[in-house]
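Below: one structure, written as structure tokens.
The chains referred to below are lettered A, B, ... by the order of the sequence lines, with proteins before strands, and numbering in each begins at 1.
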Amino acid sequence: MDLKYPERAARFADEVRAFVRKELPAEIRDKVQRRQKITPEDQRTWQRKLCDKGWACPSWPKEYGGPGFDVMERMIFDNICSEEGAPSALPFGELMISPVLFAVGSPEQKAQLLPKIRTLEYWFCQGFSEPGSGSDLASLRTRAVQDGDDWVINGQKMWTSGAHNANWIFMLVRTNTEVKQQEGISMFVFPMSTPGITVRPIVTMDGEHHTNETFFDNVRVPKTALIGEVNKGWTYAKLLLGHERTSIARIGQSKRELRRLKALASEINITGAPLMDHTPFRDRVAAVEIELLALEITALRAIAKGGSPGVEANLLKVKGSEIQQKLTELFMDAAGPYGLPFDPDRGLHDGNEPIGFDEAASLGPNYLMTRVVTIYGGSNEIQRNIVSKTLGL
Amino acid sequence: MDLKYPERAARFADEVRAFVRKELPAEIRDKVQRRQKITPEDQRTWQRKLCDKGWACPSWPKEYGGPGFDVMERMIFDNICSEEGAPSALPFGELMISPVLFAVGSPEQKAQLLPKIRTLEYWFCQGFSEPGSGSDLASLRTRAVQDGDDWVINGQKMWTSGAHNANWIFMLVRTNTEVKQQEGISMFVFPMSTPGITVRPIVTMDGEHHTNETFFDNVRVPKTALIGEVNKGWTYAKLLLGHERTSIARIGQSKRELRRLKALASEINITGAPLMDHTPFRDRVAAVEIELLALEITALRAIAKGGSPGVEANLLKVKGSEIQQKLTELFMDAAGPYGLPFDPDRGLHDGNEPIGFDEAASLGPNYLMTRVVTIYGGSNEIQRNIVSKTLGL
Amino acid sequence: MDFTLTETQSLLKDTAERLVREKYTFDERKKIVAADESYSKALWDEFASLGLLGVEIDEDCGGIGGSFADLAIVLEAFGRGLVVEPYLSTVVIGVGLINTADKGDRRKDLLTQVAAGTLTLALAHGEPKSRYSLEHVETRARKDGGDYVINGAKAVVIGGDSADKLIVSARTDGNATDRNGVTLFLVDGNAAGIHKRAYRNMDDRGAAEITFENVRVPESAVLGPVGGALPLIEAANDRGAAALCCEAAGAMKAVNEITLEYLKTRNQFGRPIGKFQVLQHRMADMAMAEEQARSMVYLAVDFANEPDAAERAQAISAAKVQISHSGQIVGRGAVQLHGGIGMTIELVVGHYMRRLTSIEKMFGDIDWHIGRFAAA
Amino acid sequence: MDFTLTETQSLLKDTAERLVREKYTFDERKKIVAADESYSKALWDEFASLGLLGVEIDEDCGGIGGSFADLAIVLEAFGRGLVVEPYLSTVVIGVGLINTADKGDRRKDLLTQVAAGTLTLALAHGEPKSRYSLEHVETRARKDGGDYVINGAKAVVIGGDSADKLIVSARTDGNATDRNGVTLFLVDGNAAGIHKRAYRNMDDRGAAEITFENVRVPESAVLGPVGGALPLIEAANDRGAAALCCEAAGAMKAVNEITLEYLKTRNQFGRPIGKFQVLQHRMADMAMAEEQARSMVYLAVDFANEPDAAERAQAISAAKVQISHSGQIVGRGAVQLHGGIGMTIELVVGHYMRRLTSIEKMFGDIDWHIGRFAAA
């Protein structure tokens, strides 16, 4: 079922929906809906449409070139775009580094970076995690030392997702080893073309190349690459990771997947009747739909409440990710034997018919890859730690 | 489904079943099956039948008057008795204090206590937990100090289940406050008629009086009340709590409840068809039945393996208790609105017809009371702690 | 969906919460439950004088002419207080039915009495074999001259033990499970031919099994359309479910607070048990379950009086399923985290679990609501 | 149900475990999977020379005349090694069908070749629309003189990409979902009219979509009774499910060991992550899930060759459900406890999850087996 939004919001939702249906190329929408790989060119194509409409970087205020949506419009915009099959916005530029720039970027950094983040000319990746520091991010060891007016960076970053497509990076490095871990970290931004950077692919168990490890060998960057103050990087990172958590709920995407799941399960027959009419399966789908509905309202409540998010922010991450996983599990249940043939290209072949049914090829890889959503962006264990701290435990 | 036991075991199972069906008074069986309160007289009636047959205290070796069953016979005996609706043996005498007496009791203690434990003339309760020490049992504070040849006990015990029916108690008390907690504890046994003991009922949320708090005010006991050596009580308690864990799986009882659940759900109709044919419900029942079947085999494996139990002992407690709870939840689901009328007497009225259907009255109280099974006998959290220690974490 | 309180709602909240805090302590409640009367008539009078009985009653009948959203405020406070007075049966179900189905002088008279605290009501609808099927009515009302004569049995009638008047469903036409042919009658609670077996439910609310043996009522006892009452009953059932969602939110919030406090103060192994990560995460799950439930309360409130039956059904069912699941997580979790002490009847924790379990089983259980949601 | 190993079983265990340890390291496996061939013929020869292909084959055919319990030992080791060779299709399914359904010289000839490692087999039964319904066969074999002519399509044929001979089910009578009328045919894997689309499954085993276009076989190609093959196919499916239970037990044990080791050695926040209680309890749940699964392996082994189809069905379904649930707990848990690194294809952990997921979906999924169990 769909929530009833207030009239103004409902009008806006209709406007967004009409826009996406008109402007989103069918080929890109089909790829998204079939969970196939979106190319950088696809992403840029959609970004150009958004720029033309004035809706690029929907989270941004007007002064930086954003549409200046209020929080409700923002949520509706994200949900409708996802529901209609638009490529997800890349979080690193718009959602992660930009709010930090708004807050502590120099006028020059803002002027140079923000317009090109908006157009995706500058495509960012994130250098946070390291081999030894996953959930314990503050233990990172990549170093930057001052050398004249420059900083020289040495070390290794893990899980630099999309680094192979990115031309800019923002990263955390240790600039002081004498103080408490959190107090010796700084944040830098610079082009990936800077000499000394090596990107090596990490293939995930779905067989795809989404992420990388990135090595920094005497990478020399100017002092203008420093964001805000030296040794204040941890504070900025927390700001930015909070943003990651709310967008990670992916409510619109889950609504899209739920709709497709129902459609698929209505087509698949078991012992002569549609799978969707098999009550144990139907009830499992309904249970997820209900949880998702509750989560959507929880998100609205968090928006209405404003201010700094409490338990709801972590809840959005935890439940949002669990719902995503449950949906992939239900898709695998629906696929039956056709969940088995494994195709890392997710059906993007030249000339070949799909094996089984149209979207079967994406279900296995997507099921596997979606295991990551309870790990990244602060694992669900970390989220629950935070909730219990918020509760005073 | 039922497991195929080896032929010898199957013959023994038939023998036990025939005995219970012949000797167990129908009135007692009906009370057990309908989850009503078993009186001490019911318990003693059944114990007399067992004594006459030579099957009382089935866990005991022959030399102490037990039947000398091997572990497989023991398990079969317990399961069949429970399946057929015999009252559960009271654990405190046969299963808990007796193994300690076998191991470290004096010849006089054995001669005095064991024969009367066997006939239930001596009905034991357990004084372990205290208001401040639940899972952290070793922190207990009830003191015993030596006074001439006697010990004088002061303090309070919690959860002295059945103390209102018992005429003997075994308990842990602190006899040395100068050493590590575990090393200053001793075990005593003595009659409940000893002056200075006050038993106060604790009513549980099912509305019944199962358990008590018991106060010890200058309770003077002779030195012969001490079990084994002074300050070794913790070691004996661990021995005894191990026994509690395996019998706590209650596989036979769960098999009985499962059978009754299926029978009930076949009688109850929803929208014109038996609830048992409603596939989501049917599948939930099947899932529990399968877990129970696996647990039964796990118990057999633990028996076959012999020696000190590993992960299996804790598993038997954890899964056994979870299965018990799931069954009560399914009963409540089956009862529907008739799970609501609340009757702490569980239908044991004079002349009154049951509300709804015959066993409905016991389902609510039983559902509530069964929440305790993941708490007592070492909570399931403690069990998982032990498993992870066993795994080396 | 509005997440902010109106001025009326803020006032109601203060009033209801203060009442519960001051007059409905756990000790006071124990006395009420232990008494022979199924609820406190003194408190009921106080509800009336505070305006809590007339929330949805028009001003010309002595009410405050509010909405279900206003009622929700009171219900949440009553959920926190584990209130056993027949508020659900009288003010939610009874008033709802009269507001929708009745008109004229009788309507005004009944509502005025309810608002004044001089009339309690109960819907006698469910039957021994109906389970949650609302269309399953075997009780029959036979036309006899200008009267109807009612015969049949009603099961687990919430508030039926004490209600001054019963709203009884009976078949004036059709077979046991037909959608058409069901009629509602307004019957005196102690009319000749009515036999009650009174008891308390698991949540300590009064209820009764009620049989009707040739109970004779005049034609004017009919409430709503003859033979067409099922939509009214469905609406009443949905209002009841929505009300329980509100109560559950209050109960969950309260028991989560109590459990959190216990985790901070109970020591084991030399530290507060709230320092153990496994218990922390369980508490976190309970807090998140409460939040998800609260979100669905807004949905339930939004749709409680929705005239489009299909839309209403889907929304209410979604809410009831989520609230029931959350209630299991919170209720069972609270008992487990308290350990042995959580099992005793002297501690309020177990009573919250009993309330949440009852809520799960009233006006349709998880299975019924999830099926209705999915079929929509 | 016997929990101790016979001498033969101890020997088989040593042999199979050493083979996996020495020849089927994760690095070796990567090479096998990366190769064009779907499996290593060199290793297959080694299986043969070690006697692993002839476990259930009579001694006069070059086998060791063992039982399914003996086979289980090898399967568990292969589950640990994530072996991709067509052992399941050839030695479990193929040999099982021939043992039961074939006789005389052909039987001896086929089994001798399998034991010697010169013949691989695959059962081509499932179809694009059959899902897990074993009676759903649309492929038809039309009598044409002394021959049969087969037309139809088979789906996700495990080992079908490389099998020397296919055992093909086709309808000689009846409608698509009749229980009667299905016949098995022994067909050359490269017979004229066969088209294969080969691929690897999620567990890296070879499989294929196979279409039959006027594939002509002589009457002597029939295996088992004409029109009465469904019981054979059901037995084969149950043997396959039982075999997967054994494999799963090996896989779960291995990945639990690896995860436990990781918990002990991976440091975060200044200590091994295995010191965090929440992770300890999750590992404890994984260990308990493994034990429960292992218990059901004994049940599956006991009933794998049970001739009473109803008893066999119930036992195998119970086992498969438990193993699948345990596989989810263990597989997903192992990835989660490893965190990001558990997601990479370079770590074996994800491959165990892929294997366990595949096992869950082969020869009937949870829904199918729980339904079959409950209906019994």
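Heavy-atom distances place the backbone of A:Pro131, and not its side chain, under 4.5 Å from chain D. Using a 4.5 Å cut-off between heavy atoms, D:Tyr199 touches chain A through its side chain atoms alone. Residue A:Glu353 touches chain D through both its backbone and its side chain, counting heavy-atom pairs closer than 4.5 Å. Only the side chain of D:Arg266 comes within contact range of chain A, with heavy atoms under 4.5 Å apart. Interface residue D:Leu279: only side-chain heavy atoms are found under 4.5 Å from chain A. When heavy atoms are compared at a cutoff of 4.5 Å, A:Met332 approaches chain D by way of both its backbone and its side chain. The contact between D:Asn267 and chain A is made entirely by backbone atoms, counting heavy-atom distances below 4.5 Å. The contact between D:Ala155 and chain A is made by backbone and side chain atoms together, counting heavy-atom distances below 4.5 Å. For D:Val278, the part sitting under 4.5 Å from any heavy atom of chain A is the side chain, from C-beta outward, and nothing else.
Under a cut-off of 6.0 angstrom, the local environment of NZ in D:Lys264 is crowded, with over 12 non-hydrogen atoms contributed by other residues, nucleotides or ligands.
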Side chain to side chain contact (heavy atoms under 4.5 Å, CB included) between A:Ile375 and D:Gln336, worked out: CA-CA 7 Å; A:Ile375 296 171; D:Gln336 183 72 23; 3.6 Å; yes
Evaluate A:Tyr367 against D:Met353 for side chain to side chain contact (heavy atoms under 4.5 Å, CB included), listing each step before the verdict. CA-CA 11 Å; A:Tyr367 163 73; D:Met353 183 179 145; 3.5 Å; yes
Give the C-alpha distance, both sets of side-chain angles, the deciding distance and a yes or no for side chain to side chain contact (heavy atoms under 4.5 Å, CB included) between D:Asp367 and A:Arg284. CA-CA 12 Å; D:Asp367 201 66; A:Arg284 288 202 296 276; 3.9 Å; yes
Would you sort out whether D:Thr344 and A:Trp159 count as a side chain to side chain contact (heavy atoms under 4.5 Å, CB included), showing the intermediate values? CA-CA 10 Å; D:Thr344 69; A:Trp159 318 124; 3.5 Å; yes
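Distance check, rounded to the nearest 0.5 Å: CE of A:Met205 to OH of D:Tyr352 gives 14.5 Å.
Residues A:Pro341 and D:Val156 share a closest heavy-atom pair of CG-CG2, 4.2 Å. The shortest heavy-atom contact between A:Leu368 and D:Met343 is O-CE, 3.5 Å. Contact between A:Glu381 and D:Arg282 at its shortest, heavy atoms only, is OE2-NH1, 3.9 Å. For the pair A:Leu340 and D:Ser358, the tightest heavy-atom approach, listed with the atom from each and the gap, is CD2-CA, 3.5 Å. Closest approach of D:Gly270 to A:Asp136, counting heavy atoms only: N-OD2, 4.2 Å.
Counted by atom type alone, A:Glu329 and D:Gln328 present zero donor-acceptor pairs between their side chains at under 3.5 Å.
Between chain D and the residues A:Gly356, A:Ser133, A:Ser139, the most heavy-atom pairs under 4.5 angstrom are made by A:Ser133. Comparing A:Pro280, A:Ala334, A:Ala138 by how many heavy-atom pairs each has under 4.5 Å with chain D, the most go to A:Ala334. By number of non-hydrogen pairs under 4.5 angstrom with chain D, the leading residue of A:Asp333, A:Ile202, A:Asn385 is A:Asp333.
Judged by distance alone, the side chain of A:Arg371 and the main-chain N or O of D:Arg332 form no donor-acceptor pair under 3.5 Å. Proximity of a side-chain donor or acceptor of D:Gln268 to a complementary backbone N or O of A:Leu137 within less than 3.5 Å is not detected.
The existence of a salt bridge linking D:Arg200 and A:Asp343 is excluded, since no basic side-chain nitrogen approaches an acidic carboxylate oxygen closer than 4.0 Å.
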